[in-house]
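Presented below is the structure to which this report refers.
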Amino acid sequence: MTLQHLLTNVRTLDIDGNTAVGIGAIRSDSRLVQPGDVFVAVRGAQADGHAFISTAVEKGAVVIVCERTADLTTFQKLSNLTLVRVADSAEALGRMASQYFHNPSNDLRIVGVTGTNGKTTVATLLWQLFTRLGYKCGLIGTIENRIGEEVISSTHTTPDSLQLHGLLRRMADAGCSHIFMEVSSHAVHQRRIAGVQFAGGVFTNLTHDHLDYHGTFADYRDAKKKFFDDLLPAAFALTNADDRNGTVMLQNTAAAKHTYGLKRTAEFKAKMIGNHLDGLELELDGSLMHARLIGEFNACNLTAVYAVARLLGCDKLETLTALSDLRGAEGRFDYITHPSKPGCIGIIDYAHTPDALEKVLETIQKLMRKNARIISVAGAGGDRDKTKRPLMAQVCARFSDQLILTSDNPRTEDPAAILRDMEAGLDAEALKKTLIIQDREQAIKTAVRLAGPNDVILVAGKGHEKYQDIMGVKHPFDDKETLKKFFHEYATTA
């Protein structure tokens, strides 16, 4: 492939050099550059790729794509080097990656799901639904990536541009027709989804999160909104009518606008008839159905999934029938029963924002038997939005009879300092029912010991994760397996 072909859909400002030059691979990491490659200098959150142009040239890059060329006069003297100046290197990288992998999104129907909570569940349910309806599908998300039934490990909610387009090409070549992917606010802001042609976008909700990265709630909201702003007229934009930011997402989109919801007027409407531990009873789009999932938030997720299916042309009855048998994503309201305490259950959930915790705890409260208690085990991640920590503790204390604050993924922060931030949100009354146990395993063990018949233990924050990130090292840790272990230990020693 020549550079000229690679730049087909890229808006360039200046080109100095030969565009007929053949290129090897596209790189945004100078450490990976090999002779004949194109190096794209991207300004990232941690480092600016422009600082590594000299390294890329020394390693044999034949093309440099960047935003600044004024300080590259020494490189221009190299006869085999072509300089391409663009307004946005990250945007250019995505468009080049798409061209490099022969524009895979043109061969696929890709639906992106964005929002603070529910992205993983909605994307996973869509993958399950369309697979049951007979399509070969791809899934890109927090827990895992899938090409049909093949599982590929996931490191980010949304991969970087090169990984994403490469993965989409693999999916297209494998015969996938529909792709369902989570789209994070980071990915939108960093232009990781540039070059992807979406068939539709879904907005779940917007609550307090990621202010450590975006700075303000308005910037966080606008990052989500840009995903819909960039949708093409042939796509659909589906928003949650119950969320106060739902209409904001649709303000400037050229896509066809649609709504779903439980409470407000919406094109795709659902009503909760029953909510029990064995599932939901819903009136969805005028028809009664039973679902395996639990809670109002999942009723909303199911409505979004149903709406996407209908917008993509699926039959109403077939969709409702398949929906009734779907299961939630791993680590999302995932529960197990205690072997020796009647009615006692443990729930593992990924909830790590104040709003998500409130929704999960409200659901648990509605399912509680009389005189039963809620025992919550929760923490907050390090190197992330600190302002939500006291709010998370407040929510847990408000709904819980016993609260145990513990370590989550402290990353490079002091776990004790994170717990102090959470504790600062509690008043004297809340502190009376709060224990602080930094060791997460001991915190879960304590919760199991404190629980009696019919009590519910919520272990929140990590969900599907199989590790605990401490000072850059991911130590094996699984909330669900740890809870099972102590349930069993109690049962065999009781």
Side-chain angles (χ1 to χ4, degrees), residues 45-46 116-121 141-144 153-159 182 184-187 207-214 220 329-334 346-357 360 376-396 403-425 434-447 457-486:
Q46 304 298 325
T116 306
N117 303 310
K119 295 188 297 296
T120 299
T121 296
T142 303
I143 298 177
E144 62 186 11
S153 62
S154 173
T155 57
H156 292 82
T157 298
T158 312
E182 298 179 49
S184 69
S185 59
H186 293 68
T207 62
H208 189 123
D209 202 12
H210 299 308
L211 300 194
D212 58 307
Y213 178 85
H214 294 286
Y220 175 46
E330 182 186 3
R332 273 63 175 174
F333 215 89
D334 202 349
I347 296 173
I348 298 89
D349 197 274
Y350 190 56
H352 58 281
T353 67
D355 181 71
L357 284 165
V360 169
S376 295
V377 179
D383 302 332
R384 297 294 186 270
D385 183 2
K386 293 184 178 182
T387 63
K388 69 180 181 180
R389 294 172 185 174
L391 303 177
M392 291 168 65
Q394 287 172 16
V395 170
C396 289
L403 171 60
I404 303 175
L405 296 179
T406 190
S407 181
D408 190 288
N409 287 322
R411 300 184 177 88
T412 64
E413 281 195 69
D414 177 7
I418 297 172
L419 290 170
R420 286 194 294 271
D421 287 343
M422 298 190 77
E423 187 181 5
T434 301
L435 296 174
I436 298 176
I437 304 174
Q438 184 173 307
D439 185 286
R440 192 172 183 88
E441 183 175 27
Q442 289 303 311
I444 295 172
K445 183 177 183 178
T446 301
I457 301 169
L458 170 65
V459 182
K462 290 174 56 57
H464 65 282
E465 293 177 349
K466 309 299 185 203
Y467 61 85
Q468 191 172 22
D469 190 338
I470 304 171
M471 296 304 292
V473 179
K474 291 187 175 181
H475 302 268
F477 195 92
D478 186 318
D479 279 354
K480 187 172 183 178
E481 291 305 313
T482 302
L483 192 58
K484 281 181 179 179
K485 179 179 77 171
F486 290 124

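Counting all heavy atoms, side chain and backbone alike, G472 lies closest to D469 at N-OD1, 3.5 Å. Summarising the geometry of C396 relative to L357, their closest heavy-atom pair is SG-CD1, 3.9 Å, with the distance given to 0.1 Å. The two residues P415 and P410 make their nearest non-hydrogen contact at CG-CB, 3.8 Å. Nearest heavy-atom pair across A351 and V360 is CB-CG2, 4.2 Å. Nearest approach of L391 to P354, heavy atoms of both residues: CB-CG, 3.7 Å.
With contacts defined as side-chain heavy-atom distances shorter than 4.5 Å, the pair N409/Y467 qualifies. R440 is listed as a side-chain neighbour of V459, based on a closest heavy-atom distance under 4.5 Å. Y350 places none of its side-chain heavy atoms less than 4.5 Å from the side chain of K462. With a 4.5 Å cut-off on side-chain heavy atoms, D439 and T406 do not count as touching. Between K388 and H352, some side-chain heavy-atom pair lies under the 4.5 Å cut-off. A 4.5 Å side-chain heavy-atom check between Y220 and T116 finds at least one atom pair inside the cut-off. Counting heavy atoms from C-beta outward, P476 and K466 have side chains that stay 4.5 Å or more apart. Residues D355 and N117 have side chains in contact (heavy-atom distance under 4.5 Å, counting atoms from C-beta outward).
A donor atom on one side chain and an acceptor atom on the other are found under 3.5 Å apart for T120 and E182. Using modelled atom types, one finds a donor on one side chain and an acceptor on the other under 3.5 Å when comparing H464 with R332.
The distance from atom CD1 of I444 to atom CG of L483, rounded to the nearest 0.5 Å, is 6.5 Å.
For the side chain to side chain donor-acceptor pair (under 3.5 Å) test, no residue two or more places apart in sequence or in another chain qualifies with E481. In this view, R389 and E413, D421 satisfy the salt bridge (Lys or Arg N to Asp or Glu O under 4.0 Å) rule, not counting sequence neighbours. Under the rule for a side chain to side chain donor-acceptor pair (under 3.5 Å), the partners of S376 that lie at least two apart in sequence or sit in another chain are S400. Judged as a side chain to side chain donor-acceptor pair (under 3.5 Å), and not counting sequence neighbours, Q438 has no contacts. Every residue was checked against the side chain to side chain donor-acceptor pair (under 3.5 Å) condition with K445, not counting sequence neighbours, and none meets it. Remark: K485 engages E441 in a salt bridge (Lys or Arg N to Asp or Glu O under 4.0 Å) (not counting sequence neighbours).
Counting only distance, with no hydrogens or angles, the side chain of Q468 and the backbone of D408 share a donor-acceptor pair below 3.5 Å. No donor-acceptor pair closer than 3.5 Å links the side chain of R411 to the backbone N or O of D383. Side-chain atoms of D479 never come within 3.5 Å of backbone atoms of I348 as a donor-acceptor pair (strictly under, hydrogens ignored).
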Problem set entry | Check against side-chain contact (heavy atoms from CB on, under 4.5 Å), I457 and I347 | CA-CA 6 Å; I457 301 169; I347 296 173; over 6 Å; no
Problem set entry | Worked check of side-chain contact (heavy atoms from CB on, under 4.5 Å) between L405 and T434 | CA-CA 7 Å; L405 296 179; T434 301; 4.0 Å; yes
For this session: Report the C-alpha distance between M392 and M422 in whole Å, list the side-chain angles of each, state the deciding distance to 0.1 Å, and finish with yes or no for side-chain contact (heavy atoms from CB on, under 4.5 Å).
Result: CA-CA 7 Å; M392 291 168 65; M422 298 190 77; 4.2 Å; yes
Exercise. Going through the distances and angles, do E144 and E330 end up as a side-chain contact (heavy atoms from CB on, under 4.5 Å)?
Worked result: CA-CA 10 Å; E144 62 186 11; E330 182 186 3; over 6 Å; no
